[in-house]
Amino acid sequence: MKEVKKRNKYLYKKVNKNENTIHEDEENTETSYMEPTNPKWYEEFPKEPVEFPECEESQIVALRSEAEMVLKREEEMYNKKAGRSGNHDKAWLRTVMSKGTASDRVAAYIVIIQDAPVYNLSALRNLVNMVKVSKKKECMTVMETLTELFHSDLLRPGRKLLKFEQHPLSMLQELTSGNAMSRKKYLSYWVFEDHLKNLYAQFVHSLDIVSKDTVDAHREKAVTAMYKLLSRNPEQEVVLLKNLVNKLGDPNQKVVSKVIYSLTQLLRVHPVMKQVVANEIERFLFRPNVGSRSQYYAICFLSQYLFSSDDTELAENIISIYFSFFKANIKKGDIDSRMMGALLMGVNRAYPFARLERHELSEHVDTLYKLVHVSTFNISVQTLCLLYQIVGNSTDRFYCALYKKLLDPHLATSAHQAMFINLVYKAMRQDTNTNRVRVFIKRLLQVCLNCPSQLACGLLYLISQLIAKRSQLLALITHKQQMFEESNDNNDADDEENYKDAPLDVELVKEAEANGKDDSDVDMKPEEKPKLKPGWFHCQNAASKVELKVYDSRARNPAHARGEHAAYEELTVLSTHFHPTVALFARNILDKQHIKYSGDPLQDFTLLRFLERFVFKNPKQLSADSVDKGPDPCLAQRRLYTASGPRTLAVTSDTFLQRGEDKVPVDELFLYRYLQTKKSGVKEKPVKEVKKEKDEEEEDAESDVESVASEEFNDMLDKMVGKVDDDLDFADDVGDRLKSNKKKSKTQQAEPESDDEEDFSEDNDDVDEDEDEELTDLEDEEGSEAEAIDFGEEGEDFDGDIDLDNLGSEDEDDDFEEEMKTSKSKKNKFPKSSKGGIHTMFAPAEKFAEMLEETGASRLKVGTAHDVSNKDNAALKQLEWEAKRNHWAHGGGKRKQFNKGGGKPSFNKAKRKKY
């Protein structure tokens with residue numbers, strides 16, 4: 001679309017650059033193609049009369065044929081004038097429309113149509129014909145372009161287009177005053193409007209076809225185009241609304257969401273269309289062969305209706321639609337579905353604006369009470385909200401159902417916590433039974449002990465609001481009486497039966513005492529038993545029961561839980577809660593202080609909000625488009641909620657840190673104190689302290705240099721290379737043991753060596769390769785005969801084979817020291833040592849550093865089996881070439897040779913002997 005606009009802008013400038021009629025408006029030629037300088041075609045006529053006599057059919061046919069001839073003749077004259085040799089721009093546009101690319105043709109068509117729409121109906125017809133599903137790329141571009149073109153240049157704003165016969169044909173002579181040119185102009189424009197109406201209807205029909213395409217993106221764009229046309233102009237509004245509502249049955253959820261959003265935005269722009277849209281939705285709902293999924297989406301859209309005091313009839317009609325589906329779902333037994341939740345939510349929103357009598361919905365009351373007890377928590381909350389609006393606080397049945405739902409475990413994880421808390425607050429505020437409200441508050445405090453922090457804060461705030469309006473609800477005095485559970489028989493757990501005498505009549509006992517008789521002589525007069533009456537309240541034996549003055553936590557009816565004896569002991573536990581805000585709210589109630597909080601506790605004290613502040617994330621800021629987009633702000637208050645006060649500030653900002661501790665929320669005090677401490681530690685120090693620290697650092701550096709150059713440090717290095725005796729030097733211990741073993745071998749007779757002894761013939765430069773193998777062999781020597789380690793002659797490399805025949809001979813034992821001396825004198829560059837141990841394998845620190853640098857600079861595999869001795873300091877390329885040649889020589893570059901007999905492939909590799 002942007003590319004088309006750019007092309008149109010360029011073409012519009014080029015066409016109007018040399019035209020004589022536009023010379024006066026050269027300053028405005030830089031406007032976009034949707035804002036041409038020419039007046040609109042419908043602005044060239046005065047306002048037509050609304051009432052006029054009808055014209056005969058034969059006269060209408062004659063005038064239509066005359067108008068068609070006039071319009072055709074004027075089009076030919078316009079094209080002839082545009083095709084003159086002097087007008088090169090028009091000729092160039094004609095060439096582009098016939099031979100240009102698709103986008104160039106569209107841009108050229110738009111420029112011509114904007115210049116003179118009355119005489120370019122053929123160009124408009126070509127554009128409308130390009131809106132086809134078969135032309136994927138052109139279709140999307142032309143569809144968006146035509147949507148803007150019809151709105152900006154072709155359609156009349158605020159009114160529909162008229163057909164030719166709907167114009168005042170009978171008053172044509174009066175309007176033209178007998179002028180032939182005016183008559184032709186009127187007729188040509190009236191017939192042009194008729195053709196334009198037909199082309200617009202064809203374009204709307206093409207949009208409906210594109211909305212049924214198999215590609216989801218194309219269907220979404222078609223829905224957007226239909227919404228724009230419907231919201232901007234009333235032309236073809238019935239067809240557009242029908243097509244748009246019909247897309248609620250689209251199989252793709254994205255497309256359906258786009259339709260619901262478009263219809264919601266339509267009602268925000270044109271609230272007068274509420275009844276029209278509701279009627280179309282009703283026809284869609286009761287249409288045969290409509291799936292339940294499509295019906296659910298339609299009900300969801302109806303539930304987002306915003307009503308006013310003038311929408312009484314509309315609210316009653318929508319409630320009748322809701323209850324018709326409610327009955328159908330109850331018959332099916334589908335009470336936990338999404339449809340039921342959407343229906344109840346819609347009824348709750350529409351009921352306050354509908355003037356319905358209670359008896360009109362009395363048939364559904366029993367069903368709603370059953371639904372509270374058998375459905376999920378979210379549906380139960382919606383049902384309780386509806387029951388509260390229908391029956392109010394007139395019956396105990398509603399309060400019993402609400403009291404039972406307080407202990408539902410799904411309350412802690414429900415998404416309708418705010419709705420439930422609001423319902424409890426409204427029910428408690430209008431309840432005149434103070435003891436029952438106390439029982440509710442007691443139950444709410446019990447729920448706070450085992451619920452998330454944000455819910456506990458919300459419930460405590462609710463309790464504070466109730467106590468602030470009715471101070472007699474505060475019950476902080478704990479009665480030192482036996483609890484209800486302990487008031488039962490203490491022998492309930494025993495299997496033996498326990499019998500007690502029934503209590504005597506108090507009046508008879510007093511008469512007996514006055515007459516001087518014993519209690520046992522009192523004659524009990526038999527009383528006539530009352531007739532039993534059916535009902536739920538069995539109180540015939542109520543007088544014989546002992547009335548306990550204690551709170552009953554197990555009562556199902558809160559009115560009979562003896563709330564006058566209840567005390568809020570849970571507040572003492574909540575005052576020590578781990579969450580600072582919960583503890584603060586509980587202490588405020590204990591101290592008889594009103595909780596003042598302007599935010600939403602259910603959102604401000606969640607774990608996610610805490611983690612956002614903990615990682616120093618900036619608070620959420622609403623964009624300007626977030627309010628305009630989506631549902632109405634009245635229906636999405638929680639989605640558009642932003643924190644207030646210090647919670648709107650970033651934790652690391654100076655504004656937040658400059659506040660006093662009394663103005664910081666208690667749940668953010670630890671962050672505030674931490675950042676204050678960190679900020680105070682980073683403050684600039686005085687110049688004297690900075691100089692003093694620098695002097696101390698210099699002294700420490702000098703002391704470090706002296707300590708490194710001291711004799712103790714040198715001794716420590718000597719110990720590391722084996723020059724000084726140390727009990728923990730494993731390498732020296734191994735060397736001493738080797739010497740003792742050699743002396744024993746000289747004095748004793750030679751014994752046959754075992755087959756497991758090994759001969760290591762390896763150069764001094766390759767010692768590091770097999771160091772681990774040597775140490776493991778030395779550890780296994782502890783109970784065996786003496787074995788000499790041969791490090792090889794100068795220039796001799798270890799080829800992977802071990803000579804087992806020459807191991808353990810006495811000559812090698814005798815000549816071991818001489819070979820070591822000759823090899824050291826010729827090649828060894830390491831410092832000499834008083835010991836002949838393994839210290840020869842180590843190098844000074846400076847030499848070792850040079851070796852590491854040389855090794856790191858090369859790309860060879862150092863320390864592995866593929867390591868190469870580089871005595872002559874050969875170049876890196878030479879070493880790589882020799883490594884590749886060695887790999888090829890050992891069979892690495894040859895193909896596998898298979899035996900003719902079908903055996904395993906043989907590889908030309910050196911095999912190591914196992915020992």
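All heavy atoms count here, side chains included; hydrogens, waters and symmetry mates do not. Keep in mind the model is a prediction, meaning the values are calculated, not measured.
In this structure a side-chain-to-backbone donor-acceptor pair under 3.5 Å is missing from Trp190 to His167. Put simply, the side chain of Ser375 never gets that close to the backbone of Asp336: no donor and acceptor are under 3.5 Å apart. With hydrogens and angles ignored, the 3.5 Å screen pairs a side-chain donor or acceptor of Lys247 with a backbone N or O of Ser211. With Gln389 contributing its side chain and Leu386 its backbone, the two residues share no donor-acceptor pair below 3.5 Å. Using modelled atom types, one side-chain atom of Asn348 and one backbone atom of Leu344 make a donor-acceptor pair closer than 3.5 Å. No donor-acceptor pair closer than 3.5 Å links the side chain of Arg338 to the backbone N or O of Tyr296. Side-chain N or O atoms of Ser231 include one that pairs as donor or acceptor with a backbone N or O of Lys228 at under 3.5 Å.
Taking each heavy atom of Ala315 and Ala350 in turn, the nearest pair found is CB-O, 3.7 Å. Across every non-hydrogen atom of Pro251 and Arg293, the tightest pair is O-NH2, 3.3 Å. A pairwise comparison of heavy atoms in Tyr42 and Leu155 identifies CE2-O, 3.6 Å as the closest pair. The two residues Val70 and Ser188 have their closest heavy-atom pair at CG1-CB, 4.1 Å. Between Ile60 and Cys55 the shortest heavy-atom distance is CD1-O, 3.7 Å. Closest approach of Ser262 and Leu244 over heavy atoms only: CB-CD2, 4.5 Å.
In this pair, Phe326 and His364 present their aromatic rings perpendicular. The plane angle is above 60°, beyond the 30 to 60° band.
A salt bridge does not link Lys254 with Asp216: every distance from a Lys NZ or Arg NE/NH1/NH2 to an Asp or Glu carboxylate oxygen is 4.0 Å or more. A salt bridge is defined here as a Lys NZ or Arg NE, NH1 or NH2 lying under 4.0 Å from an Asp or Glu carboxylate O, and Lys132 with Glu138 fails to meet this definition. For Arg159 and Glu235, the salt-bridge test fails: no basic side-chain N is under 4.0 Å from an acidic carboxylate O.
Pairs of residues two or more places apart, or lying in two chains, that qualify as salt bridge (Lys or Arg N to Asp or Glu O under 4.0 Å) and include a residue from residues 308-320 are Lys274-Asp311. Evaluation of the salt bridge (Lys or Arg N to Asp or Glu O under 4.0 Å) test over residues 66-78, restricted to residues two or more places apart or in two chains, returns Glu66-Arg183.
Rounded to the nearest 0.5 Å, atoms CG (Leu248) and SG (Cys300) are 10.0 Å apart. Taking OG1 of Thr312 as the reference point, atom CZ of Phe307 lies at 10.5 Å (rounded to 0.5 Å). Atoms OG and CZ, from Ser309 and Phe353 in turn, are 8.0 Å apart once rounded to the nearest 0.5 Å. Taking CZ from Phe164 and NZ from Lys197, the interatomic distance works out to 15.0 Å, rounded to the nearest 0.5 Å. A distance of 11.0 Å separates CZ in Phe203 from CG in Leu154, rounded to the nearest 0.5 Å. Here NZ of Lys163 is found 13.5 Å from NE2 of His195. Values are rounded to the nearest 0.5 Å.
The closest side-chain donor-acceptor pair between Glu220 and Asn252, if any, does not fall under 3.5 angstrom. A donor-acceptor contact closer than 3.5 angstrom is absent between the side chains of Asn317 and Ser320. Donor-acceptor pairing under 3.5 Å is recorded for the side chains of Asn246 and Arg287.
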Side chain to side chain donor-acceptor pair (under 3.5 Å) assessment of Asn179 paired with Thr176: CA-CA 5 Å; Asn179 191 349; Thr176 59; over 6 Å; no
Derivation of the side-chain contact (heavy atoms from CB on, under 4.5 Å) call for Tyr200 and Leu229: CA-CA 10 Å; Tyr200 185 74; Leu229 294 175; 3.5 Å; yes
Trace of the side-chain contact (heavy atoms from CB on, under 4.5 Å) decision for Asn329 with Leu343: CA-CA 10 Å; Asn329 284 3; Leu343 289 171; 3.9 Å; yes
side-chain contact (heavy atoms from CB on, under 4.5 Å) between Leu161 and Asp194, intermediate numbers included: CA-CA 8 Å; Leu161 297 174; Asp194 184 77; over 6 Å; no
Full working for salt bridge (Lys or Arg N to Asp or Glu O under 4.0 Å) between Glu165 and Arg64: CA-CA 8 Å; Glu165 57 270 13; Arg64 176 181 283 275; 3.3 Å; yes
Test side-chain contact (heavy atoms from CB on, under 4.5 Å) applied to Met273 and Val277, step by step: CA-CA 6 Å; Met273 296 183 65; Val277 176; 4.3 Å; yes
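Between Gln382 and Met340 the shortest side-chain heavy-atom distance does not fall below 4.5 Å. Arg232 has its side chain within reach of Glu148: a pair of non-hydrogen atoms, C-beta onward, lies under 4.5 Å apart. Side-chain contact check for Asn233 versus His151: every heavy-atom pair is 4.5 Å or farther apart. Here the side chains of Met130 and Val106 are in contact, with some heavy-atom distance below 4.5 Å. Within the 4.5 Å cutoff, the side chain of Val210 has no heavy atoms near those of the Arg219 side chain. Side-chain contact check for Ile281 versus Ile321: every heavy-atom pair is 4.5 Å or farther apart. Side-chain contact between Asp250 and Lys212 is absent, with no heavy-atom pair separated by less than 4.5 Å. Looking at heavy atoms from C-beta onward, Tyr186 lies out of side-chain contact with Pro168 at the 4.5 angstrom threshold.
Residue Glu56 qualifies as open at atom CD: its count of foreign heavy atoms under 6.0 Å is 12 or below. Gln253 CD: 12 or fewer foreign heavy atoms inside a 6.0 Å radius. Within 6.0 Å of atom CD in Glu54, 12 or fewer heavy atoms from other residues, nucleotides or ligands are found, so the atom counts as exposed in its surroundings.
Qualifying side-chain contact (heavy atoms from CB on, under 4.5 Å) partners for Val239, counting only residues two or more places apart in sequence or in other chains: Val204, Gln236, Asn243. For Arg283, the side-chain contact (heavy atoms from CB on, under 4.5 Å) criterion is met by Asn279, Glu280, not counting sequence neighbours. Considering only residues two or more places apart in sequence or on other chains, Ala278 meets the side-chain contact (heavy atoms from CB on, under 4.5 Å) condition with Tyr305, Leu314. The side-chain contact (heavy atoms from CB on, under 4.5 Å) check on Ser294 picks up Phe284, Val290, with sequence neighbours excluded.
Close placement of the Phe325 and Phe286 rings is indicated, their centers lying within 6.0 Å of each other.
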